[in-house]
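Remarks on the structure that follows.
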Amino acid sequence: MEELGVQVEEKKKQKKEEGLAELPGSHDNVVMRFAPNPSGPLHIGHARAAVPNGEYVKRYNGKLVLRIEDTDPKRVYEPAYEMIQEDLKWLGIIPDEVVYQSDRFEIYYDIARQLIEKGAAYMCTCDGADFKELKDNCKPCPHRDQSVEENLKLWEEFPNMEAGSAVLRVKTDIAHKNPAIRDWVAMRIVDEEHPRLGTKYRIYPMMNFSVSVDDHLLGMTHVLRGKDHLANSEKQKYLYDHMGWDIPEFIHYGRLKMEDIALSTSKAKEGIESGEYSGWDDPRLGTLRAIARRGIQPEVITQLISEMGVKMADSALSWKKIYGLNRNIIEQKVNRYFFVPEPVKIDIEGCPDEEIGVEIKRHLHPDFEERGERTFVFEKQVYIPKKDYKDGFVRLMDAVNIDIDGDDVKFHSNSFEEAREVRAKIIQWVSDDSIPAKVVMDDASIVEGLCEADCKDLEIGDVVQFERFGFARLDSIEDGEMIFYFAHK
RNA sequence: GCUCCGGUGGUGUAGUCCGGCCAAUCAUUUCGGCCUUUCGAGCCGAAGACUCGGGUUCGAAUCCCGGCCGGAGCACCA
């Protein structure tokens, strides 16, 4: 009876994991890697891989390797080498080690040779279509049975062969029920200039080969990858077996769909080159730098991705959720200011002299009075948002109540209570001392307006809440005009 | 077509391995109300889900079979 009670308690203790589930296998000396292809800066999809790797390594006190997978010269975008590390840093992920696959060609050659010597790989000079035909029918190609000597000889000649005339294949199971697994290519000839290697090498490893070799040699204990690599994991297992290597824990996660942005890195790049997008941080793009520019906090991304976990089911990320979480974080950190979009100048008739020139103070944050206040001066002529310029009774926040009737704007009273009683709109306004400003919205449209004078104290990168307008980040100041990027309501 | 993988509210998740404590968790969202010189925050309340059909069982989100739907792979890309 007593034993039973103990067991129940243990079972319960194991549950209730916050965020990411425990990793399978040993948690000692965990080594993981984030291995992007340097084709552009990191986007939200990359975060799906980067965040769990970073979090697990932190949790288990392990080691994180950033491995740049630049083994396809056609898909290397040079600035990305730099950008990837910047983006990771923004996410709060600092790799313990950075390796470039382009530095490791000699290692790949060495392993390839060993594989040939073991009889586990062969040089294949079949035409691609011919090989596929054979493979699809579970038939080995004539080269599969070549002697080790013959293969080694061809391997030596490999660098002098014509592109496309030969490949090195890893033997798997030619009758494997999934045709994709059968005798896959490990090395091929590439006549292309590599940004880091120039034309030093002609023999390039295929992803499955270099990835396996590096995962093993760099000591990975756990490999996190998208489920689109499921078949690749299967392929790679053959290589591990041939070499007698231990297979790391392969963990696959589902695809991350982001509503509205279906933009691949290559499409984004095209758009940037054609001038459709202003750059990699255009607010319409799903890059981390675009998100950052809008004032979205990196913790939000970490939190969301962690919550998703590493399960195989696909998930869709909604902006609403991002905004909601971001709002929770910045709402208390960020100060309030007035921004009048599409300003309309009004001249308040019958405004009593004692109201004019009055200095008005508002707290930078209503819940944190200790942060201080901002001041502005009420004038007979002020600017209000075009949207709020409608017939009726409105209160200018902390100032006076006015009556709008067509072109006539009349002073009504100054008591807040009166406005409250009739449930009048209470709106923001600015005077002539305001600063020209514009806000770049999430669809890249621009809202012109005026922000209050005290915005002059803001620094680039500051996030503010424009009352009744939304959250925005100060991006730059050009010719005295303040340019903000809109985050969300 | 072949191979493989998934399917819990609008969205993301917990629970599924080891069936009962699940008339299903939490977050976001939406809608009310209160409060508030922001349409923010806060407080209170509400809405909303186990893909479908069989089976096993006293009992199924959970196990089995089948359908449906969705996704991925099927390269000398990663």
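Throughout, protein chains are lettered first and strands after them, A, B, ... in sequence-line order, and every chain is numbered starting at 1. The figures here come from the full heavy-atom set of this structure, side chains too, leaving out hydrogens, waters and symmetry mates.
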Checklist entry - Closer than 4.0 Å, any side-chain N/O of A:R225 to the OP1 or OP2 of B:rG73? => result no

Next on the checklist: Checking contacts here: which listed nucleotide (B:rC76, B:rA78, B:rG12) is nearest the side-chain heavy atoms of A:V167?
Outcome noted: B:rC76

Item to check | Rounded P spacing from B:rC35 to B:rG40 in Å | outcome: 16 Å

Checklist entry - Which residue, A:D136 or A:D388, contacts RNA chain B at a nucleotide closer to its 5' end, judged by nearest heavy atom? => result A:D388

Item to check | Between B:rC31 and B:rG10 - C1' atom distance, rounded Å | outcome: 14 Å

Checklist entry - Given that both distances must come in under 3.5 Å, which nucleotide forms a Watson-Crick or G-U wobble pair with B:rG45? => result B:rC31

Checklist entry - Under a 3.5 Å cut-off for both distances, is B:rG7 Watson-Crick or wobble paired, and to whom? => result B:rC68

Item to check | Given B:rA27, B:rU3, B:rC76, the nucleotide with the shortest approach to the side chain of A:N178 | outcome: B:rU3

Next on the checklist: Applying a 4.0 Å non-hydrogen cut-off, can you work out what A:P366 is touching in the nucleic acid: base, sugar-phosphate, or nothing?
Outcome noted: base

Next on the checklist: Parallel, tilted or perpendicular, judged at 30° and 60°: which one describes the rings of A:H43 and A:H46?
Outcome noted: tilted

Checklist entry - Which is true for A:R362 with a 4.0 Å heavy-atom rule: it touches a base, it touches only sugar-phosphate, or it touches nothing? => result sugar-phosphate

Checklist entry - Do we see a donor-acceptor contact under 3.5 Å between the side chains of A:E234 and A:N178? => result no

Checklist outcome for this item: Checking B:rA78, B:rC74, B:rU11 against the side chain of A:A316 (C-beta onward), the nearest is B:rU11

Checklist entry - Does a side-chain N or O from A:K311 land closer than 4.0 Å to OP1 or OP2 of B:rG6, or not? => result no

Checklist entry - Whom does B:rG1 pair with, Watson-Crick or G-U wobble, provided both distances fall under 3.5 Å? => result B:rC74

Checklist entry - So what does A:K74 hit on the nucleic acid, given a heavy-atom distance under 4.0 Å: a base, only sugar-phosphate, or nothing? => result nothing

Checklist entry - What's the closest nucleotide to the A:K227 side chain, out of B:rU37, B:rC74, B:rC5? => result B:rC5

Next on the checklist: Under 4.0 Å, heavy atoms only, any strand: does A:M187 hit a base, just the sugar-phosphate, or nothing?
Outcome noted: nothing

Checklist entry - Less than 4.0 Å between a side-chain N and a carboxylate O, is that true for A:R336 and A:E331? => result yes

Checklist entry - B:rU38 P sits how many Å from A:Y337 OH, rounded? => result 17 Å

Checklist entry - Between atom NE2 in A:H363 and atom C1' in B:rA41, what is the gap in whole Å? => result 15 Å

Checklist outcome for this item: A:H365 has its side chain closest, among B:rG73, B:rG12, B:rG40, to B:rG40

Item to check | Nearest-Å distance once atom C1' is located in both B:rC69 and B:rA24 | outcome: 23 Å

Next on the checklist: Less than 4.0 angstrom from a charged side-chain N to a carboxylate O is my criterion; do A:R374 and A:E467 meet it?
Outcome noted: yes

Checklist entry - Has the side chain of A:K321 got a donor or acceptor atom sitting under 3.5 Å from an opposite partner on the base of B:rA27? => result yes

Item to check | Residue among A:K171, A:R144, A:K135 satisfying side chain to side chain donor-acceptor pair (under 3.5 Å) with A:D183 | outcome: A:R144

Checklist entry - Which part of the nucleic acid, if any, lies within reach of A:M397 when heavy atoms closer than 4.0 Å are counted: base, sugar-phosphate only, or nothing? => result base

Item to check | Sugar-phosphate, base or nothing in reach of A:I322, heavy atoms under 4.0 Å | outcome: nothing

Checklist entry - Rounded to the nearest Å, what distance is computed from the CG atom of residue A:N232 to the P atom of nucleotide B:rC5? => result 16 Å

Next on the checklist: Mind checking if A:H252 touches a base, just sugar-phosphate, or nothing, with heavy atoms under 4.0 Å?
Outcome noted: nothing

Next on the checklist: Please report the distance, rounded to the nearest Å, between CZ in A:R48 and C1' in B:rG71.
Outcome noted: 13 Å

Item to check | Pair of N/O donor and acceptor under 3.5 Å linking B:rG40 base with A:Q465 side chain | outcome: no

Checklist entry - Using atom P of each nucleotide, how far apart are B:rU28 and B:rG45 to the nearest Å? => result 15 Å

Next on the checklist: I'd like the C1' distance from B:rU25 over to B:rA61, given in whole Å.
Outcome noted: 13 Å

Checklist entry - Hey, do the aromatic rings of A:F339 and A:F484 have their centres closer than 6.0 Å? => result no

Next on the checklist: How many whole angstroms separate atom OH of A:Y323 from atom C1' of B:rG10?
Outcome noted: 16 Å

Checklist entry - Between A:S318 and A:M206, who's closer to the 5' end of RNA chain B by nearest nucleotide? => result A:S318

Item to check | Phosphate OP1/OP2 of B:rC35: any A:R420 side-chain N/O under 4.0 Å | outcome: no

Checklist entry - To the nearest Å, how far apart are A:Y253 OH and B:rC5 C1'? => result 15 Å

Checklist outcome for this item: Rounded to whole Å, the CE-C1' distance (A:M207 to B:rA75) equals 11 Å

Next on the checklist: Can you see whether A:F338 has A:R362 sitting over its ring - NZ or CZ less than 6.0 Å from the centre and within 45° of the normal?
Outcome noted: no

Next on the checklist: Can you measure A:K237 atom NZ to B:rC4 atom C1' for me and round it to whole angstrom units?
Outcome noted: 12 Å

Checklist entry - So which nucleotide from B:rG6, B:rA75, B:rG40 ends up closest to the side chain of A:D367? => result B:rG40

Next on the checklist: Which label fits A:H252 and A:F250: parallel for a plane angle under 30°, tilted from 30 to 60°, or perpendicular past 60°?
Outcome noted: tilted

Item to check | B:rA78 phosphate, OP1 or OP2, under 4.0 Å from A:T71 side-chain N/O | outcome: yes

Next on the checklist: Please give the distance between the C1' atoms of B:rC68 and B:rA75 as a whole number of Å.
Outcome noted: 32 Å

Checklist entry - Can you tell which of B:rU29, B:rA75, B:rG12 lies closest to the side chain of A:E307? => result B:rG12

Checklist entry - For B:rU28, does either OP1 or OP2 sit under 4.0 Å from a side-chain N or O belonging to A:R327? => result no

Item to check | Span that lies between the C1' atom of B:rC63 and that of B:rU16, in whole angstrom | outcome: 10 Å

Item to check | A:R75 side chain, from C-beta outward: closest of B:rG6, B:rU37, B:rC77 | outcome: B:rC77

Next on the checklist: When you compare the side chains of A:D173 and A:H176, does any donor N or O come within less than 3.5 Å of an acceptor on the partner?
Outcome noted: no

Item to check | Separation of the P atoms in B:rG15 and B:rC26, to the nearest angstrom | outcome: 14 Å

Checklist entry - OP1, OP2 of B:rU13 versus side-chain N and O of A:S315: anything below 4.0 Å? => result yes

Next on the checklist: Under 3.5 Å for both donor-acceptor distances, Watson-Crick or wobble: does B:rC18 have a partner, and if so which one?
Outcome noted: none

Next on the checklist: Using a heavy-atom cut-off of 4.0 Å across all strands, would you classify A:D398 as base, sugar-phosphate, or nothing?
Outcome noted: base

